Amino acid sequence: MSQFTIPKFLLYLVFLIITRGNHYTLNSDVITTRSTSRSRSTEPHLSTDAPKIIIGGGPASGKGTQCEIISMQFGVVHLSSGDILREAVKGDSYIGRIAQKYMDEGKLVPDDVIIEVINERLKQDDCQKRGWLLDGFPRTKYQAEALLKAKMVPDAFIVLEVPDYILIDRVCGRRMDPLTGKIYNLKYDPPTDEAVRTRLMKRSDDDEEKIKTRILDYKAHIEAVKSYFSDQIVTVDGSLPSGKVSAQVVEGIKMRLASASLHSTKRSEGQKWFPVA
Ligand code: AMP
């Protein structure tokens, strides 16, 4: 036998070094890190590798603003259950006709209706490849159970906490520009352009009575929903200035993604691997 044969344990060591590498570090950008690990693979993007995020919070807690930042930062598909239902109402679809009367009264749409809509949407290709950000779902215990039953387990669940009086104040001044979809607040963030100001519209469920119903609904369900995701929860004070909120939200998601990645690495390390021949 040649005296230059490489010892087997050295080959095994090289193998171990090559096959590791799916780690996240908090200082590096999560998307870059994830795509680096993907680019080493010959497989198409794996759904298990794509970020899965939920954001919860009372009405006008700032979810919409944070969702814009999260989807830009992490490249995930933003799914707002409220927006999906409003589109369905506008399009006069079967789902829209069922949802409308509940939405007009500021009440929750029946669980089976919204569960069906969201589960179907999550199965689509873009969500599977890029990951998803669920905004406004799950809102009840049954919706949380349905999500987990469909094996849609989030990496992070952001909860924006805002006192009721601030929520009421924000909702009463909330307006939308129908041309751009941009949300303004007459008190805190009014448009500077007069033309925009005159075309602003108010959401039909954004009045003081309906907001109280929606806050009560939120409070009645949120603890039960959170109990399904206790390992993934990140609580953020949503009454802080929006820049501070987004910094905490992004950092919280990175931490949860790092921890989810560590768990999956540990799982794969638990398997037994042997050098061949
Ligand atoms: P949002 O835009 O999230 O405030 O939702 C607007 C309205 O859509 C709510 O007041 C409910 O009537 C309905 N809705 C949105 N998401 C859900 C959900 N997950 N479960 C039940 N109803 C929902």
Side-chain angles (χ1 to χ4, degrees), residues 53-68 70-71 77-122 127 132-150 152 154 157-162 164 166-178 181-185 201-226 228-229 238:
I53 304 162
I54 297 176
I55 188 163
S61 56
K63 298 191 295 288
T65 309
Q66 297 310 319
C67 284
E68 276 179 31
I70 297 170
S71 25
V77 180
H78 173 206
L79 299 177
S80 151
S81 53
D83 284 351
I84 293 173
L85 289 170
R86 276 184 288 277
E87 277 304 308
V89 170
K90 230 197 297 175
D92 197 28
S93 68
Y94 174 66
I95 296 286
R97 286 195 292 276
I98 299 176
Q100 182 160 29
K101 105 174 157 52
Y102 296 94
M103 294 174 78
D104 283 347
E105 291 171 13
K107 290 185 181 154
L108 291 180
V109 167
D111 284 324
D112 50 350
V113 174
I114 188 71
I115 287 170
E116 172 78 12
V117 172
I118 296 292
N119 275 357
E120 280 311 306
R121 185 64 189 85
L122 286 177
C127 293
W132 39 261
L133 166 62
L134 274 179
D135 159 12
F137 184 97
R139 261 205 197 28
T140 65
K141 171 183 189 298
Y142 301 104
Q143 294 176 17
E145 278 171 1
L147 196 66
L148 295 178
K149 211 166 141 198
M152 303 290 182
F157 190 134
I158 304 294
V159 180
L160 298 179
E161 286 196 338
V162 180
D164 294 358
I166 298 184
L167 295 179
I168 293 171
D169 202 33
R170 284 185 187 171
V171 161
C172 292
R174 180 157 69 176
R175 299 289 184 277
M176 198 253 298
D177 177 355
K182 187 170 162 35
I183 303 290
Y184 293 91
N185 189 289
M201 293 176 74
K202 190 173 176 180
R203 245 172 72 169
S204 61
D205 55 352
D206 271 359
D207 69 40
E208 201 167 333
E209 270 323 296
K210 287 174 191 165
I211 175 76
K212 284 180 183 160
T213 310
R214 286 155 65 204
I215 292 175
L216 285 177
D217 259 336
Y218 173 72
K219 287 188 165 171
H221 295 285
I222 186 62
E223 291 310 319
V225 171
K226 276 164 62 178
Y228 287 85
F229 306 99

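Note that the coordinates shown come from a computational prediction; the quantities given were computed from them, not determined experimentally. Atoms within a ligand are numbered from 1 in the order they appear, just like the ligands themselves.
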Say whether, by atom type as modelled, one donor and one acceptor occur between the side chain of [X] and the main chain of [Y] under 3.5 angstrom.
| X | Y | answer |
| --- | --- | --- |
| Arg214 | Asp205 | yes |
| Ser81 | Gly136 | yes |
| Lys63 | Gly58 | yes |
| Arg139 | Tyr218 | no |

[X], portion touching ligand 1 at heavy-atom distance under 4.0 Å:
| X | value |
| --- | --- |
| Lys63 | neither |
| Val109 | both |
| Ile114 | side chain |

Heavy-atom count check: over 12 atoms from other residues, nucleotides or ligands less than 6.0 Å from Glu68 CD?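 Result for CD/Glu68: open.
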
Tyr142 atom OH: more than 12 heavy-atom contacts under 6.0 Å: no

For [atom], grab the closest protein heavy atom and report residue, atom and distance to one decimal in Å.
| atom | result |
| --- | --- |
| atom 11 (C) of ligand 1 | Lys107 O, 3.5 Å |
| atom 16 (N) of ligand 1 | Ser81 OG, 2.7 Å |
| atom 9 (C) of ligand 1 | Arg139 NH2, 3.7 Å |
| atom 20 (N) of ligand 1 | Gln143 NE2, 2.9 Å |
| atom 8 (O) of ligand 1 | Met103 CE, 3.5 Å |

With a 4.0 Å cut-off on heavy atoms, does Arg203 reach ligand 1?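 Judged by the 4.0 Å heavy-atom criterion, Arg203 does count as contacting ligand 1.
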
If the contact criterion is a heavy-atom separation under 4.0 Å, does Arg86 count as touching ligand 1?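 In this structure, Arg86 qualifies as a contact of ligand 1 - some heavy atom is under 4.0 Å.
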
Can you see which heavy atom on Met103 is nearest to which on Gly82, and at what distance? CE-O, 4.1 Å

Which of the listed options, Asp205, Ile118, Leu85, holds the heavy atom that is closest to atom 13 (C) of ligand 1?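 Selected option, by shortest heavy-atom distance: Leu85.
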
Taking only Lys NZ, Arg NE, NH1 and NH2, and the carboxylate oxygens of Asp or Glu, determine whether Glu145 and Lys141 approach each other closer than 4.0 Å. yes

At a 4.0 Å threshold, what atoms of ligand 1 neighbour a non-hydrogen atom of Phe137?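 Listed by number with element, the hits are 19 (N).
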
